[in-house]
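A quick write-up on the structure given underneath.
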Amino acid sequence: MRRPYDLALGLLTAATAATMAAALWLIFVVAPEEQVMGAVQKIFYFHVPLAAITFLSVFSLLAGAAGYLWTRRAAFDHLAVASAEVGWLFCTLVLVTGPIWAKPAWGVWWTWEAKLTTTLVLWLLLAGILLCRAYASTPEQGARIASVLGVVAALDVPIVYKAVDWWRGQHPIVFGPGKTDPLAPGMLAALLVSMLAFLLLFALLVAARARLAAQEDRLAALVEAAVRSR
Amino acid sequence: MTPPGFASAALAIARKDLRIEGRTRETTLASLLFALVVLVVFAFAFGGDAAQGDRAGAIVPGVLWVTLAFSAIVGFTRSFRLEREDDALAAVALAPVDRGAVFAGKAIANFVLLAALEIALLPLTAVLLNVPIAPVAAPLALVAAIHTLGLAALGTLFGAVVARLQRGEALLATLLLPAATPLFISAVHCTATAIEGRPLAADRQWLLLIAGLDVLYVLVALLLFDAILED
Amino acid sequence: MKTYAFLFWGYAAVWAGLTIYLIALGRKLARVARRLDALEGRGDAGGRRAT
């Protein structure tokens, strides 16, 4: 008899797979090719959801970190570490797909515009948090330090965005992400389904990673008990 | 003995740190020397004399603040390593004072040391990069002070975090600099305004933002310092 | 075609990243589960915490 958590995880996996398949079909078969950029534009259906979910992960990181600092319940820390790791992964993918879209679209790999810069800073902060966990002397210290950093990082991100936005306002923007044309109906559907697919994927990965964290905790506790009872 | 109040505890800690620094001078000398070296490297990087004159306004603020950023990190690292080396931090944390006072005291000390560094660094920069700062000393000082407050607060916060990690010092730059992005963007921008002789009032929104951030950083640090100092 | 090359690398990167992470997670989970089973088999004889 499978435990309810396993069952939920299984359902989530199935849902993710199904939605992702639907998204892929919509993206590559149904959605029309964009007139100007052609096939390359389709990376947009990956890049935008990945970026949106990355910022969602900052919220879940904040929830986990603040919750842990407040209650010291392990479940919050599991959420925090899972959000930080999966968020960092998604952030990496955003930073990889972005330039791949930017080069054919705007002619440059990178520009120090607010969204891109903030994403890069977020990537650095998340990497720092993950490294701190690795360098901690005990898991408890790692959880505590990472939670403090998680709160600071989450609070910092909107500030960074605003600051870069103001800063860029001082310089004329020669090129960059301007207002995108209104999406054709086929495109909108593909984007929304893709968004849902990545959201489910994020939930799945966070759940799995949190599960791993919980199992590792259990393992550590058992090892400790075994050592002590010897 | 009644536990000291917040302000007196903070000042006592600040005074202790500064007295140690005054006696050994290890942090100030190391950071000053480091700052000078970085300045020289930048001069080479930007072609020496070519970095002066017209290009000065574009380059000097950035050079100044990058130099400060890295020198500050040298300072923050040593500030907490001092304590870690003989578990003094544990003793401080156990003292019957609000741990927030520990943060406040150390942040004040760090601010004073950073200010001292800047007072030494700015004339050096003026000489090496031929930038006239005497006529703009007042606005420049204001810009520096406001931004250094924020840097001291963030640096003390992150310094305490990495002090308890193995090989933590390597992480300080990685953590502090991205988090301080708004601070540096504003610092470079306002410093450019000041150096080029334009009125600071034009940058009112930046200065207000940083003043607000300074308050925010201090509040957040006070809130979180208990959790940081637990071991 | 140049544009298709970009596209290919983009997708490849996304799928590679996600797949690598999923595989790594799966392996870690399996390893931990195996160790847990082994320990719990032995742990039953000694003291076992109520989880």
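Here is how names work: the chains are called A, B, and so on, in the same order as the sequence lines, proteins then strands, and each is numbered from 1. Just the heavy atoms: all of them, side chains too, but no hydrogens, waters or symmetry mates, feed the values below. Predicted model, so just to flag it, every value in this text is computed and none were measured.
- The CG atom of Leu22(C) sits 9.0 Å away from the OG1 atom of Thr13(A) when rounded to the nearest 0.5 Å.
- Using a 4.5 Å heavy-atom cutoff, the side chains of Val14(C) and Ile43(A) are not in contact.
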Quiz item: side-chain contact (heavy atoms from CB on, under 4.5 Å) between Leu18(C) and Phe90(A): does it pass, once the steps are laid out?
Solution: CA-CA 8 Å; Leu18(C) 291 171; Phe90(A) 275 51; 4.1 Å; yes
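- To the nearest 0.5 angstrom, Arg34(C) atom CZ is 11.5 Å from Leu219(A) atom CG.
- Atom-to-atom distance recorded for Lys28(C):NZ and Arg209(A):CZ is 5.5 Å, nearest 0.5 angstrom.
- Between Trp15(C) and Phe46(A), the ring planes lie perpendicular to each other; the angle is over 60°, past the 30° to 60° tilted range.
- Neither the backbone nor the side chain of Leu204(A) comes within contact range of chain C; no heavy atom of the residue lies under 4.5 Å from a heavy atom of that chain.
- What you find for Arg35(C) and Val223(A) is that their closest heavy atoms are NH2-CG2, 4.1 Å.
- In this structure, chain C has a heavy atom under 4.5 Å from the side chain of Leu89(A), while its backbone stays farther away.
- When all heavy atoms are compared, the tightest approach of Leu25(C) to Ala208(A) is CD1-CB, 3.9 Å.
- Between the CZ atom of Arg218(A) and the CG atom of Leu36(C) there is a distance of 5.0 Å, given to the nearest 0.5 Å.
- The CZ atom of Arg31(C) sits 9.0 Å away from the CG atom of Leu212(A) when rounded to the nearest 0.5 Å.
- To the nearest 0.5 Å, the span separating CD on Glu85(A) from OH on Tyr21(C) amounts to 3.5 Å.
- The two residues Ala13(C) and Leu93(A) make their nearest non-hydrogen contact at O-CD2, 3.7 Å.
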